[in-house]
**Q** 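Can you keep this structure in mind? I'll have questions shortly.
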Amino acid sequence: MPKMKTNRGAAKRFRATANGFKAGQSHLNHILTKKSSKRKRQLGAMNQVAECDVPGVKRMLPYS
């Protein structure tokens, strides 16, 4: 049986953890002047992928 291919876009966005996957957040690239410091600081943190999205991420990352 041939090897399964990893979705390269997903490989750059998600990292496997002991409890699922983590991913970065959006909205921190431009128009930063109107966003508060607290909001920008919190957007810099990683987020846990929602439980309903985990099966799709696992399908895209078969070897994680």
Side-chain angles (χ1 to χ4, degrees):
M1 189 166 157
K3 294 180 185 177
M4 295 173 69
K5 284 198 172 181
T6 296
N7 181 305
R8 298 313 295 162
K12 295 167 189 172
R13 286 171 172 79
F14 302 106
R15 292 283 175 266
T17 65
N19 305 326
F21 292 90
K22 65 180 182 178
Q25 298 184 62
S26 59
H27 305 295
L28 195 59
N29 286 325
H30 64 111
I31 314 176
L32 299 173
T33 53
K34 65 174 73 172
K35 295 171 186 159
S36 68
S37 298
K38 176 183 177 180
R39 183 173 165 194
K40 289 185 281 193
R41 185 172 60 248
Q42 291 176 340
L43 284 171
M46 299 295 266
N47 252 359
Q48 193 76 13
V49 173
E51 195 62 39
C52 59
D53 295 323
V54 169
V57 175
K58 280 186 178 175
R59 212 169 19 254
M60 291 188 282
L61 303 173
Y63 297 107
S64 61

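Count residues from 1 along the sequence.
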**Q** Start with the C-alpha gap between F14 and S64, add the side-chain angles, then the distance that decides, and say whether side chain to side chain contact (heavy atoms under 4.5 Å, CB included) holds.
**A** CA-CA 10 Å; F14 302 106; S64 61; over 6 Å; no
**Q** Quick check: closest heavy atoms across Q25 and A45, and the distance to 0.1 Å?
**A**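 Closest heavy-atom pair between Q25 and A45: NE2-O, 3.1 Å.
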**Q** What closest approach, in Å, do V49 and A23 show between heavy atoms, and which atom pair accounts for it?
**A**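 Distance-wise, the nearest heavy atoms are CG2-CB, 4.1 Å.
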**Q** Before giving the answer on side chain to side chain contact (heavy atoms under 4.5 Å, CB included), spell out for T17 and Q48 the whole-Å C-alpha distance, their side-chain angles and the decisive distance to 0.1 Å.
**A** CA-CA 9 Å; T17 65; Q48 193 76 13; 3.9 Å; yes
**Q** How close do F21 and K58 get, heavy atom to heavy atom, and via which atoms?
**A**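 In this case the closest contact between F21 and K58 is CE1-CG, 3.6 Å.
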**Q** Would you give the length of the straight line joining atom OG1 of T6 to atom NZ of K12, rounded to the nearest 0.5 angstrom?
**A**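 Going from OG1 on T6 over to NZ on K12, the span is 12.0 Å.
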**Q** Got a second to check how far R39's CZ is from H27's NE2, nearest 0.5 Å?
**A**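 That separation rounds to 8.0 Å.
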**Q** Could you tell me the separation between the CD atom of Q42 and the CG atom of N47, rounded to the nearest 0.5 Å?
**A**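 Going from CD on Q42 over to CG on N47, the span is 10.5 Å.
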**Q** What heavy-atom pair brings R13 and G9 nearest, and what distance separates the two atoms?
**A**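 Scanning both residues completely, I find the closest heavy atoms to be NH1-O, 3.0 Å.
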